[in-house]
Structure formats: structure tokens, C-alpha cells
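Just so we're clear, the structure is a prediction, and the values are computed from it rather than from any experiment. Proteins come first, then strands; the chains are lettered A, B, ... in the order of their sequence lines, and each starts at number 1.
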Amino acid sequence: MPDFHDLAAAPEPAPVLSGGPQASMENVMQDGRPDPLSAAYNPADVESRWYDFWLERGYFTARPDQDRERFTVTMPPPNVTGQLTMGHMLGESIRDVLVRWQRMEGKDVLYLPGMDHAGIATQNVVERKLESEGKKRQDLGRDGFLREAWAWKEEYGGKILQQLRRVGVSVDWSRERFTLDEGYSRAVLLVFKRLYEKGLVYRGHYIVNWCPRCHTALSDEQVENQEVDGHLHFLRYPVKDGEGKHITVATTRPETMLGDVAVAVNPRDRRFKKLVGKTAVLPFLRREIPIIADDAVDPKFGGGALKVTPAHDPVDLELARRHGLQPVVVMDTEGRMNENAGDFAGLDRFEARKRVLERLTDLGLLEKSEPYRFTLGVCERCETVIEPYLSLQWFVKMAPLAQPALEAARRNQVKFFPKRWRKVYRHWLENVHDWCISRQLWWGHRIPVWYCRKPGCPSTAVELERPGPCWHCGGTDWQQDEDVLDTWFSSWLWPFATLGWPEETADLKTYYPNQLMVTGPDIIFLWVARMVMAGCECLGQPPYPFVLLTSIVRDAQGQKMSKSLGNSPDPMDLMDRYGADAVRFTMVYLTPTDQDLLFDEKRCETGKFFANKVWNAARLVRSRLGDEDPRGVRESGLELQLADRWVLSRLANAIKDTTRNLKTSRLNEAANTVYHFTWHEYCDWYLEMVKPRWADQAEPRDRRVARWVAWKVLDGILRLLHPFMPFVTEELWQALPHEGESLCVAAWPKARRAWYDAQAEAQVSFLQGVVVAVRNLRAEMNVPAGKRVPVVVRGSREQLDLLRQLTPQLLPLARIERLDLAYDGLRPPVAASAVVEGAEVFLPLEGVVDVESERARLAREADRLLTELEGTKRKLRNQDFLSKAKPEVVDRERQKLQQFEETLEKLKRAQEALREAPAS
RNA sequence: GGGCGGAUAGCUCAGCGGACAGAGCGCAGCCCUUACAAGGCUGAGGACGUAGGUUCGAAUCCUACUCCGCCUACCA
């Protein structure tokens with residue numbers, strides 16, 4: 001077995017189950033020794049054991065010095081404030097499946113973990129903590145607060161990473177990164193500086209999304225849109241010298257009228273022709289504001305006139321700038337009306353809205369209020385209503401950065417799976433707005449911009465360190481910008497800043513670009529697109545060639561799982577109750593390729609029961625292996641039986657399908673393939689068929705074959721399953737004869753060409769048909785489950801020979817007492833019967849069976865077949881079908897016809913035979 | 001307003017041009033058969049959202065519609 005890691009010095013693996021100290025179960029193996037594998041699988045017991053073992057052996061540590069193909073994936077860094085969610089659980093399961101699979105394929109794997117400092121979220125948490133102590137961040141000052149935040153990070157920050165260990169993620173902890181650690185911070189500041197120098201970072205007064213509760217600006221992507229039922233209010237502004245005339249504007253935010261500087265109408269709107277150029281008088285403040293004409297005004301909306309509030313609306317700001325109008329800010333950073341709001345100063349914006357409406361009503365200036373449905377922006381962190389707010393902020397000019405990112409996708413240098421997300425990505429990049437990156441917070445990367453404080457000196461320096469003397473005035477009194485950078489301004493560097501960039505580290509050279517990104521489609525804009533932009537900008541190539549977008553986890557009602565809704569189970573609790581393997585497997589097994597995952601925790605039983613099934617299959621094989629060591633056995637020297645050839649062929653197919661599904665990112669299909677093969681082929685059929693060959697009285701040479709095949713296939717199953725269920729598979733693999741020291745570095749199985757055996761598959765499929773037919777007849781005829789029955793089969797010589805060969809293995813499968821093969825062509829006089837691939841299976845009645853019900857059953861069966869037959873005949877009578885359909889399709893139809901006719905013929909004879917039978 | 005998904009068994013999904021439409025869970029019946037009751041066997045259950053069209057043939061391709069979900073947008 002190839003050994004992919006430099007582990008020559010590693011000692012033998014701990015004999016965990018091979019008679020280890022925990023072997024305390026009462027089960028006894030055939031040879032009388034106690035069996036350490038308990039009858040019921042206990043995940044907690046097993047799962048606590050292996051993670052440290054893997055870590056100690058360094059299996060997860062990437063080795064860039066080795067000459068192997070590499071496979072690099074970075075973990076989307078969870079927030080330091082984080083709690084493991086079901087979304088993480090899914091993402092981590094998927095990533096770890098792929099990573100473990102690639103490791104078993106022999107690649108040099110780097111799965112890099114880390115955390116995000118999560119500016120707003122963390123600052124909120126720390127502020128809340130201070131609040132509970134009766135303190136505010138301002139009391140501590142900036143440095144004091146940061147000390148507090150770091151202390152908090154040290155204490156709680158790694159909690160989610162601890163939780164991830166529980167999941168079993170095979171990450172390289174030696175390369176763990178934090179977006180606020182020293183080297184990483186340097187990379188962030190450097191990118192800011194470089195973009196500034198290229199003119200792609202600029203500072204300016206614009207309308208930003210302001211959260212009055214978090215006291216900071218947000219990017220567009222950090223605002224969530226909610227549909228709300230509100231009102232559209234129609235306000236009347238008196239026209240100066242208008243002889244009592246008014247102009248009516250419509251708004252959902254009446255309080256912003258206090259910041260109005262104009263009323264705008266569409267220049268082509270005849271209704272207002274005479275008013276353009278006149279002056280309106282703003283109620284309360286008596287401010288005289290011009291009535292202007294601008295194309296941006298939609299004459300069909302509201303009354304056709306737009307109130308212009310440049311300090312509180314982006315469209316209005318642009319419009320005002322076109323007309324040289326000065327904005328008036330009427331709110332403070334808390335969302336309260338400020339001194340420009342006249343009598344309303346000091347009121348909260350919503351209170352002010354109420355009062356404005358009341359007083360307008362009193363003055364007869366509120367024309368009407370109509371119910372109106374519109375979208376409202378709320379802060380993604382605290383759900384506070386966002387206030388569009390004019391302020392001085394830093395921005396990234398996005399269009400130039402977007403071009404290479406678009407190009408990369410166009411050239412397929414970045415591919416998306418499922419494909420449709422590419423469109424989403426492209427659409428966003430094509431319409432991207434500039435990115436507001438300054439945040440009025442303390443926790444984060446402080447903006448590396450310095451302003452000379454000498455009065456009148458205009459110097460601004462962008463430097464990672466405090467600059468030397470001012471080149472303009474010679475002063476040294478620099479004031480650093482108070483703001484920090486948006487968290488995503490650091491996250492977008494994740495695929496390479498984690499590898500040491502901007503230093504030319506060995507890691508960077510080896511592991512950039514990464515091979516894969518696995519994340520949720522909800523952060524394509526926020527993160528994925530930006531990472532591609534940053535990768536192209538900083539390293540000249542995209543950070544990874546492939547993005548796998550996972551399902552979003554929702555509850556059974558389709559609602560997104562979230563803490564606030566309380567509809568998300570705690571993954572830790574699930575793992576306690578079902579086992580980490582079970583939850584992992586279930587998530588992957590359930591996740592649809594291109595849809596959200598509606599999750600119900602009860603589904604974890606699928607994984608739990610499956611783990612138990614595998615556990616027990618291994619227990620069986622292990623006990624029947626006796627003291628035989630199958631490892632030395634040469635496959636070529638074995639005389640394989642039909643069942644052996646069949647199961648090896650099925651294994652080959654399972655390996656092929658699982659591997660293909662992993663390659664094409666159909667993880668659920670991959671899980672499904674292993675599940676089905678293990679349970680419904682290996683366990684249900686092979687292990688059942690092989691049991692008689694293990695018996696004491698069985699022929700020793702063949703017993704050896706049966707043992708070897710059972711072991712070999714199980715070994716293959718454990719390998720295939722390991723990425724999905726790392727703990728239980730390692731436990732079992734160690735407990736069975738194995739080569740190498742850990743399953744997680746064992747080779748991914750290869751399907752041997754010689755294993756494929758179409759003939760064996762066809763033959764076993766026939767035998768299964770016979771068994772199922774007998775079971776079916778028994779059930780239909782209400783034969784008591786425990787009763788053994790005689791069975792007679794008529795059929796071709798080949799069919800009968802096949803049955804004869806396998807008779808001993810077949811009998812227990814259908815509780816058959818005696819299998820009579822009618823080489824003489826005789827049929828039992830009175831029997832229930834079924835047809836399998838042309839062969840007739842008889843369950844002689846002999847009082848066991850009710851003749852009437854068998855007649856009815858046969859009639860039903862014949863009826864059904866007749867319908868089929870008719871359909872086929874109809875097709876074959878159709879000239880168009882015969883001439884236009886593909887020849888092989890026509891041919892298949894002819895075969896069907898023949899088969900139906902034969903079967904029907906046999907059913908009829910069975911019916912005739914019963915007609916002569918005495919009623920029971 | 002634009003865009004994207006979805007609609008198939010009670011539930012969650014697979015099938016995406018040719019044989020009575022499949023799986024898992026759930027349900028019903030029978031079984032504690034010495035790996036597993038976290039198990040085994042058997043079974044019931046479906047106008048493939050609606051209406052048209054293309055085709056020898058449609059759950060599958062096209063068009064329209066209905067209903068759900070998501071994303072996006074400077075009609076205030």
C-alpha cells in the first residue's frame with residue numbers, strides 16, 4: 001500500500017480495538033474470545049478516540065516539500081463570535097468529504113482553517129458584555145476597548161473551532177489563521193495602500209447605508225431588504241406667491257422633508273410647466289426651496305413631483321449636485337433629528353415622522369396617506385432600519401476590479417457548480433457599485449491614513465506605519481483616520497493572505513491558487529466575487545478554478561434556519577445524540593445538488609442507523625474471519641464463486657460511481673451510492689448468501705474464499721465511506737485486518753477491471769428474482785413467516801443449473817425447505833406460481849395455500865400483463881414508429897412483446913392448472 | 001420592475017426523450033431467523049402544477065398560465 005506521508009518513524013497505531021483495554025463487551029466470538037465490538041454502535045465512545053490520533057500522526061499537515069499533486073481548500077472563516085450552525089455543519093461536511101477523499105487519492109492536501117474577526121458582530125458582542133457590566137465602550141476609550149475585545153477573543157474566540165474538531169474536520173491546524181493577526185493585518189493594509197495609490201480607493205461624501213444602532217456605515221451587501229406594508233404620504237408645499245397654490249410631493253419618510261432643498265418635476269410634465277423656476281416654501285422651517293426640472297423624475301409616480309433631500313437619499317444627492325444645491329443633514333448618527341430640524345430636533349426619526357404628519361394634518365398640508373408596499377433596508381446584524389445618510393467615507397472603485405473577475409469567469413478560469421450561479425456572479429459584477437469600506441468601529445483594521453494636524457496643512461499620508469515628518473509643513477503631528485475597514489475588506493484576501501502574502505512564502509508558491517472553494521450561494525457577492533477580484537488584482541490570477549455552492553439549510557417549513565427564529569437545532573446537541581458521523585453523513589446524503597436543504601433533525605437517524613449497520617456488518621465479518629489473516633491471500637489463487645464474482649463486480653461499480661459522483665460534486669449521489677451498495681447489496685444479499693459457506697462444516701478451501709471476499713469488500717466499503725463517516729470507519733478498519741496505519745491515509749479504492757462481471761450480475765439478478773418471487777408468494781398466500789416451504793422451479797437448463805449450484809445459499813434466503821428443479825419439465829399439480837425471466841416458480845399448495853386467492857392473484861397479474869402487452873403491440877403496429885424510431889428501440893419493443901407473450905402464456909397455464917384443482 | 005429556481009407517492013428528493021415512473025423516510029401486515037428490532041421480509045400509495053405545441057413516442061423539449069421560494073433594483 002502506498003504510504004503518502006513521511007511517517008516512517010511513526011510507531012504502530014494504538015491497538016484500539018484489537019483487544020484493546022476497552023474490550024469489555026459481553027459478546028463472544030466464534031472462538032470464544034470476547035468480542036470488543038458491541039452489538040449496538042455507540043458513537044460517543046468511538047468518536048472521542050480518533051481525532052487526536054490523527055493529529056498526533058500529522059495526517060492533516062500539508063507538506064509542500066513533497067512532489068505530489070496538491071489540493072488546497074480554505075475554510076470559509078467562521079466569525080469569532082460564532083456558534084456552529086447547521087449551515088456550517090453542511091459546509092464542513094461537504095468540504096471534509098472532498099478533502100479526505102483527495103487525501104486518500106494521495107494528494108498533498110491543505111485544508112486551511114481560521115477565523116474572521118467579524119468587525120460589527122464582534123464589537124456588538126463585546127459591547128453587550130460591557131453593557132451588562134454597566135459600561136460603555138466610550139468609557140474605556142479605544143485602546144481599553146480593544147484590550148477588552150482581544151481578551152474576549154482569546155477566551156471565546158476559538159469556541160467554534162473546538163466545535164469543528166468534534167465534526168472531525170481534517171484541517172491543518174498548524175496553518176490556522178485569523179484575519180486580525182499580525183501578518184494578515186499587514187496584507188490588508190497593504191492592499192488598501194496599493195489600491196489607494198492606483199486610485200481605486202478614494203474618500204468622499206456620499207450617501208451610505210447607515211445603521212443608527214451600530215453607529216456605522218455598511219456596504220450595500222450588508223443591508224437586507226424587507227418588504228413592508230407602509231404608507232405613501234402626499235405632502236403639500238405652498239408655492240411662494242402662488243395665491244394659495246401648493247405643489248404635492250409623495251414620500252414614505254415624511255420626516256426627511258426637513259432636509260428638503262428643492263422640489264423637482266420632469267421637464268416634459270405639462271402640469272408643472274408654470275411652476276418650474278418658482279419657489280416653494282417648506283412647512284415648519286419656512287425654507288424657500290426652488291422648483292426645478294430634472295429628467296430623473298418619473299411623472300407617473302405619486303403626483304409627479306419629487307421632494308429633493310440630498311443628505312438622505314442617493315438619487316436626490318445626485319440630482320442636487322447637478323443643480324448645485326447644498327444638502328442639509330437633518331439627523332445625527334443615532335437616527336435622531338438634529339439642530340437643522342427646527343422644532344423636531346432631538347426626536348427619534350420615527351417619532352419625528354409621527355409628529356411631522358400630525359402637524360401637517362393640522363395645517364391642512366397632508367393631502368392623503370395611501371397604503372403602500374415597499375422594500376425597507378435593515379441592518380443584517382441588528383435588523384435596525386437603515387438610514388441613507390450623507391457622510392464622509394472611504395470607497396473602493398469597483399468597476400476596474402470587476403473586469404478581470406468577469407473575464408476569469410468568462411474564460412472558465414473560475415467555474416461554478418451548479419452552473420447557474422455563474423450568471424448571478426456575472427450580473428452582480430456587471431452592475432457593481434462602489435464599495436463603502438470604512439466602518440465607524442474600533443474592532444478591525446484601522447485605516448492606514450494619516451492627516452497632518454498642523455492647521456491649514458492639507459497633507460494626507462497613506463502608510464502602514466506612522467509617517468515621518470510632513471513633507472508639506474515638516475510637522476510630525478499625524479492624526480490617524482478613526483475608522484476601521486469593513487470585515488470583508490480582509491476576508492476577500494483569504495485565499496492568499498492566509499498563505500503569507502505579500503511575502504513570497506513557500507506556502508504561497510505551493511498552495512496558490514487553491515483548488516476549490518465551497519461556500520453558500522448567499523455570499524457570492526459579499527465574498528466569492530470579491531475574492532476573485534482580489535486574487536486577480538494582487539496575484540494576477542483567480543484564487544481557485546472551481547466554486548462549489550452548497551444548499552442553504554432551512555427548516556421543514558422552508559424557513560431559513562437562524563438563531564433568532566429558534567428553528568435551528570444545535571449541531572453539538574445533534575452530534576451528542578446521533579454521533580458526528582451520523583450528522584455528517586445525513587447532511588451530505590440529504591443535500592440536493594441545486595436546491596435548499598429542508599432539514600429535520602429526525603433525518604439524522606438515517607446516518608445513525610447506517611453507522612450501526614456498517615458496525616454490525618463489520619462485527620459479523622470480523623467474527624467469522626476467525627484467526628485467519630486475509631491479508632496474505634492472493635486473489636488470483638482463489639476459486640471465486642458466483643456470489644463472490646457478483647459482489648466484486650458490484651463493488652467495482654460502486655467504486656466507479658462513488659468516485660464519479662465525487663468528481664462531479666454530486667455529493668449526495670456519492671453518499672447514496674455507498675449507502676445503497678453497503679446496505680442493499682453487500683449486507684442484504686452477499687453477507688446472507690455467504691453465511692452457509694462460513695459454517696464449521698463448510699468446505700475449508702471455500703470458507704477461506706468467502707472470508708477473503710467478505711473482508712475485501714468490507715475494506716473497500718470502509719475506504720469509500722471514510723470521507724463521509726471518518727470515525728466509525730477508522731474504528732472498524734483498525735479492528736479488522738488492515739495494511740497501513742490509518743484509514744485516513746489509506747489509498748482510495750480502485751475498481752479492478754477483472755472485477756467487472758456482467759454475467760455474474762445477470763445470473764445473480766435471476767437468482768434474486770427467484771428468491772423475491774418465493775417471498776412474494778409466501779406473503780401473498782399468507783404462509784406463516786417461520787414455515788419452511790418446498791419450491792419447484794421449471795426453466796431452461798441453464799437456469800436450473802444455476803439454481804442447483806447455489807441451492808444451499810438460496811434456501812435460507814426465502815425460507816425454502818426443499819428446492820425441486822424440474823429438469824423433467826413436470827409441474828406440480830396445484831400450486832401458486834410466478835414467472836421470473838421465463839422460469840416458473842411454484843409454491844405447491846398442498847393445503848398451505850388458498851386456491852381462491854391464488855386464482856384472483858393470477859387473474860390480476862394476467863390483467864396487468866395484458867395491458868402491457870397491448871401497449872407494446874400498438875407501438876409495433878404503428879408504421880411511423882417502425883420507420884422512424886431507432887432500430888434498437890424497435891428491437892427492444894419486439895423483445896418485450898415476446899417476453900410478455902411467454903409470461904402470459906405461463907400464467908394462463910397456471911390458471912388452467914388451478915381450474916382443475918379442488919377448492920380448498 | 002427585472003432575474004433565477006421549484007411544482008413527480010403523505011414528506012424530502014432522484015429521474016430530464018423511449019419497457020407498468022424510482023429511492024429514503026413515513027404508513028400497513030408478518031417476523032426478536034445466533035451481525036444488526038438502530039434489524040428482516042412483503043405490501044399499499046402517483047391524472048409527474050394547468051393549458052397548448054413539437055415528436056412515431058413527452059414527467060422529460062418548446063410556449064403561455066397558476067401557485068410557492070429566493071435573489072436583485074435609485075418610483076421617491
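- Here A:D522 lies out of heavy-atom contact (under 4.0 Å) with every strand.
- Checking B:A38, B:C41, B:U72 against the side-chain heavy atoms of A:D684 singles out B:C41 as nearest.
- Within 4.0 Å of A:F525, counting heavy atoms only, lie sugar-phosphate atoms of the nucleic acid but no base atom.
- Both A:F610 and A:R892 lie near RNA chain B, and the one whose nearest nucleotide falls closer to the 5' end is A:R892.
- Just one of A:Y589, A:F677, A:F585 meets the ring-ring contact (aromatic ring centres under 6.0 Å, His included) condition when paired with A:F610; it is A:F585.
- Distance from the side chain of A:F609 is smallest for B:A38 among the nucleotides B:C74, B:A76, B:A38.
- The local environment of NE2 in A:H427 is sparse, with at most 12 non-hydrogen atoms from other residues, nucleotides or ligands closer than 6.0 Å.
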Step-by-step side-chain hydrogen bond (donor to acceptor under 3.5 Å, both in side chains) determination, A:D434 to A:Y206: CA-CA 11 Å; A:D434 285 359; A:Y206 293 93; over 6 Å; no
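- Across all strands shown, A:F599 has no heavy atoms under 4.0 Å from either base or sugar-phosphate atoms.
- Here the side chain of A:N616 is nearest to one of B:U42, B:C36, B:A73, namely B:C36.
- With both ends at atom C1', the span from B:A35 to B:C30 equals 22 Å, rounded to whole Å.
- B:G49 sits 8 Å from B:U60 when the P atoms are compared, rounded to a whole Å.
- RNA chain B forms stems at B:1-7 with B:66-72, B:10-13 with B:22-25, B:27-31 with B:39-43, B:49-53 with B:61-65, each a run of 3 or more consecutive Watson-Crick or G-U wobble pairs whose two key distances fall under 3.5 Å.
- Ranked by how close their nearest RNA chain B nucleotide is to the 5' end, A:Y589 and A:A305 are led by A:Y589.
- Taking the P atom of each, B:A64 and B:A21 are spaced 30 Å apart, rounded to whole Å.
- With hydrogens and angles left out, the side-chain atoms of A:T591 and A:S551 include a donor and acceptor closer than 3.5 Å.
- Which of B:A76, B:G40, B:A35 sits closest to the side chain of A:W679 comes down to B:G40.
- Looking only at atom types and distance, the side chain of A:S369 has a donor-acceptor partner in the side chain of A:H233 under 3.5 Å away.
- Aromatic rings of A:W421 and A:Y425 (six-membered ring for Trp) have centroids beyond the 6.0 Å cut-off, not under it.
- Which of B:C74, B:A76, B:C56 sits closest to the side chain of A:F301 comes down to B:A76.
- Between the base of B:A19 and the side chain of A:K875 there is no donor-acceptor pair shorter than 3.5 Å.
- Spacing between B:U33 and B:G39 at atom P, rounded to whole Å, works out to 15 Å.
- When the C1' atom is compared between B:G2 and B:C62, the two are found 23 Å apart, to the nearest whole Å.
- For the residue pair A:D294/A:H323, the side-chain donor-acceptor check at 3.5 Å is satisfied.
- Distance A:R554 CZ to B:C11 P: 19 Å, rounded to the nearest Å.
- Between A:K884 atom NZ and B:G17 atom C1' the separation is 16 Å, expressed in whole Å.
- A distance below 6.0 Å separates the ring centres of A:W210 and A:Y389.
- When heavy atoms are screened at a 4.0 angstrom cut-off, A:Y372 is found touching the sugar-phosphate backbone but no base atom.
- If you check B:C31, B:C74, B:A14 against the side chain of A:V315, the one that comes closest is B:C74.
- One atom, CG of A:D600, and another, C1' of B:G26, lie 12 Å apart when rounded to the nearest Å.
- With respect to A:D863 and A:R860, no salt bridge is recorded, no charged nitrogen being found less than 4.0 Å from a carboxylate O.
- Distance from the side chain of A:H680 is smallest for B:G24 among the nucleotides B:G24, B:A19, B:U33.
- For B:C27 and B:C65, the P atoms lie 42 Å apart once the distance is rounded to whole Å.
- Residue A:K300 is out of contact with every strand shown, counting any heavy-atom pair closer than 4.0 Å.
- Remark: the separation of the P atoms in B:A59 and B:A47 is 14 Å, to the nearest Å.
- Atom C1' of B:G57 sits at a distance of 47 Å from the matching atom of B:C36, rounded to the whole Å.
- Remark: C1' of B:A76 and CG of A:L376 are 14 Å apart, rounded to the nearest angstrom.
- Note on A:D316: nothing from the nucleic acid sits closer than 4.0 angstrom, heavy atoms only.
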CA sep, side-chain torsions, deciding dist, call: A:R353, A:E255, salt bridge (Lys or Arg N to Asp or Glu O under 4.0 Å): CA-CA 5 Å; A:R353 178 174 305 173; A:E255 71 283 8; 2.8 Å; yes
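- As a whole-Å value, the separation of A:R778 CZ from B:U33 C1' is 11 Å.
- The residue A:K691 sits close to a base: some heavy atom pair falls under 4.0 Å.
- Using a 4.0 Å heavy-atom criterion, one finds that A:R420 contacts the sugar-phosphate atoms exclusively.
- Here A:H312 lies out of heavy-atom contact (under 4.0 Å) with every strand.
- A:K613 contributes a side-chain N or O that forms a donor-acceptor pair with the base of B:C36 under 3.5 Å.
- Among the protein residues, A:L306 comes within range of the nucleic acid bases, having at least one heavy atom under 4.0 Å from a base atom.
- Here A:S883 lies out of heavy-atom contact (under 4.0 Å) with every strand.
- Between A:E318 and A:R321, no side-chain nitrogen of the basic residue sits less than 4.0 Å from a carboxylate oxygen of the acidic one, so the salt-bridge criterion is not met.
- A:L590 approaches A:F599 most closely through the heavy-atom pair CD1-CD1, 4.4 Å.
- The nucleotide whose nearest atom lies closest to any side-chain atom of A:A40 is, among B:C75, B:A38, B:G24, B:A38.
- At a cut-off of 3.5 angstrom, counting only N and O atoms as typed in the model, there is no donor on one side facing an acceptor on the other between the side-chain of A:Q595 and the base of B:A14.
- A sub-4.0 Å separation between OP1 or OP2 of B:A73 and a side-chain N or O of A:H427 is absent.
- Here the side chain of A:N878 is nearest to one of B:C4, B:C56, B:C36, namely B:C56.
- Among B:G18, B:C25, B:A14, the nucleotide with an atom closest to any side-chain atom of A:E669 is B:A14.
- Using a 4.0 Å heavy-atom cutoff across all strands shown, A:W421 reaches no nucleic acid atom at all.
- Protein atom CD of A:E780 is 15 Å distant from nucleotide atom P of B:C30, rounded to whole Å.
- An OP1 or OP2 oxygen of B:G43 is reached within less than 4.0 angstrom by a side-chain nitrogen or oxygen of A:N776.
- Computed from coordinates, the A:L598 CG to B:G6 P distance equals 14 Å when rounded to whole Å.
- In this structure, the CZ atom of A:R619 is 14 Å from the P atom of B:G39, given to the nearest Å.
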